[in-house]
Amino acid sequence: MKQVFVNIVTIQGFSFAFGLNEEGIVLASSFNPETLKRLLKEDGYEPMVDSSQGRDIRTMVEKYFKGEKVILERIPVLMKGTDFQIKVWEQTRKIPYGKTITYGELAKKVNSSPRAVGMALSRNRIPLFIPCHRVIGKKGIGGFTPDVKIKRDLLKLEGGKP
DNA sequence: GAGTCATTTCCAC
DNA sequence: GTGGAAATGACTC
């Protein structure tokens with residue numbers, strides 16, 4: 001059983017946790033530390049809360065929640081999923097900070113349908129590092145797992161709009 | 001405005 | 001296995 005270093009960041013009312021391996025690659029993240037640990041265990045990892053690892057990533061995450069512009073897409077992550085899901089996630093990572101696109105636009109990029117895109121995004125195990133909160137509906141914010149409220153907060157954080 | 005179909009995955013039967 | 005539903009949206013009547 002492989003060990004995974006888990007960092008938990010609690011700041012500005014957010015509670016965010018991520019797990020990384022010895023190489024510093026992010027394996028999973030979640031807005032609920034318990035959910036993250038469960039995810040890692042289901043994947044055959046042994047989560048170990050140890051903030052001595054991944055300090056640079058935690059610093060970036062903390063800055064991000066304080067409203068600073070941080071390039072999270074240069075952090076290495078492990079994308080595990082179907083070909084289609086990975087394609088959608090890669091496109092999602094290309095969305096710049098503070099910008100949003102619709103499910104329809106993203107669907108066009110991968111030659112698919114908005115519905116399928118939403119499904120792929122809901123299977124995203126690495127929120128924030130894959131900025132799925134920047135993908136919104138054309139007529140409404142769309143959805144978010146586990147809670148749409150988090151998505152709204154993140155967009156407010158990036159856009160600075162009330 | 002309401003109904004229908006497209007595309008991919010998950011869940012319950 | 002199969003059928004319905006889900007982070008939607010575009011098209012038709």
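Being a predicted model, the structure only gives us computed values, none of them experimental. Sequence lines set the chain letters: A, B, ... in the order given, protein chains first and strands last, and positions in each chain run from 1.
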Closest to side chain of [X], choosing from [options]:
X        : options              : value
A/Phe144 : C/dG9, C/dA6, C/dA7  : C/dA7
A/Arg115 : B/dT9, B/dT7, C/dA7  : B/dT7
A/Gln85  : B/dT9, B/dT8, C/dA7  : B/dT9
A/Ala116 : C/dA6, C/dA7, B/dT7  : B/dT7
A/Phe84  : C/dG9, C/dA7, B/dT8  : B/dT8
A/Met119 : C/dA6, C/dT8, C/dA10 : C/dA6

Figure out the [atom1]/[atom2] separation between [X] and [N], and round it to whole Å.
X        : N      : atom1 : atom2 : result
A/Asn111 : C/dA10 : CG    : P     : 15 Å
A/Lys151 : C/dT8  : NZ    : P     : 9 Å
A/Leu121 : C/dT8  : CG    : C1'   : 11 Å
A/Asp147 : C/dA7  : CG    : P     : 13 Å
A/Trp89  : C/dA7  : CH2   : P     : 17 Å
A/Gln91  : B/dT8  : CD    : P     : 15 Å
A/Asn124 : C/dA6  : CG    : C1'   : 16 Å
A/Lys139 : C/dA7  : NZ    : C1'   : 17 Å

Which is it for A/Leu155 and A/Ile141 under the side chain to side chain contact (heavy atoms under 4.5 Å, CB included) test, yes or no, and what are the steps along the way? CA-CA 10 Å; A/Leu155 289 174; A/Ile141 190 168; 4.0 Å; yes

Inter-nucleotide C1' distance (C/dA7, B/dG1), Å rounded: 24 Å

Work out how far the C1' atom of B/dC5 is from that of C/dG4, and round it to whole angstrom.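 To the nearest whole Å, 15 Å.
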
Got a donor-acceptor pair under 3.5 Å from the side chain of A/Ser113 to the base of B/dA6?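 Donor-acceptor pair under 3.5 Å: yes.
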
Can you confirm whether the side chains of A/Thr59 and A/Glu62 place a donor and an acceptor under 3.5 Å from each other? no

Would A/Asp50 and A/Ser52 count as having a side-chain donor-acceptor pair, cut-off 3.5 Å?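 The answer is yes; a qualifying pair exists.
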
Name the one of A/Glu73, A/Arg93, A/Arg125 that satisfies side chain to side chain contact (heavy atoms under 4.5 Å, CB included) with A/Ile130?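 Per the side chain to side chain contact (heavy atoms under 4.5 Å, CB included) rule, the option paired with A/Ile130 is A/Arg93, out of A/Glu73, A/Arg93, A/Arg125.
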
Looking only at side-chain N and O atoms, does A/Lys108 come under 4.0 Å of OP1 or OP2 in C/dA10?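 For C/dA10, neither OP1 nor OP2 has a side-chain N or O of A/Lys108 closer than 4.0 Å.
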
Hey, is the side chain of A/Thr82 poking within less than 4.0 Å of OP1 or OP2 on B/dT9, counting only N and O atoms? yes

Search all heavy atoms of A/Asn7 against all heavy atoms of A/Gln53 and return the closest pair with its distance. ND2-O, 2.9 Å

When rounded to the nearest 0.5 angstrom, what is the spacing between NE2 in A/His133 and CG in A/Asn124? 10.5 Å

Just label C/dA7 as syn or anti from its O4'-C1'-N9-C4 or O4'-C1'-N1-C2 angle, using within 90° of 0 for syn. syn

How does DNA chain B look in dot-bracket form if you count Watson-Crick and G-U pairs under 3.5 Å, write [ ] for pairs that cross, and put | where a base pairs with another strand? ||||||.||||||

Counting the atoms with a prime plus P, OP1 and OP2 as sugar-phosphate, which does A/Ser112 contact under 4.0 Å by heavy atoms, base, sugar-phosphate, or nothing? sugar-phosphate

Between A/Glu158 and A/Arg134, does a salt bridge (charged side-chain N to carboxylate O under 4.0 Å, His left out) hold up when you go through it step by step? CA-CA 10 Å; A/Glu158 294 190 6; A/Arg134 292 182 193 145; 2.9 Å; yes

Who else is in the cluster with A/Tyr45 when I, L, V, M, F, W and Y are joined by side-chain contacts under 4.5 Å?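 Same cluster as A/Tyr45: A/Val4, A/Val6, A/Ile8, A/Ile25, A/Leu27, A/Leu36, A/Leu40, A/Val49, A/Leu78.
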
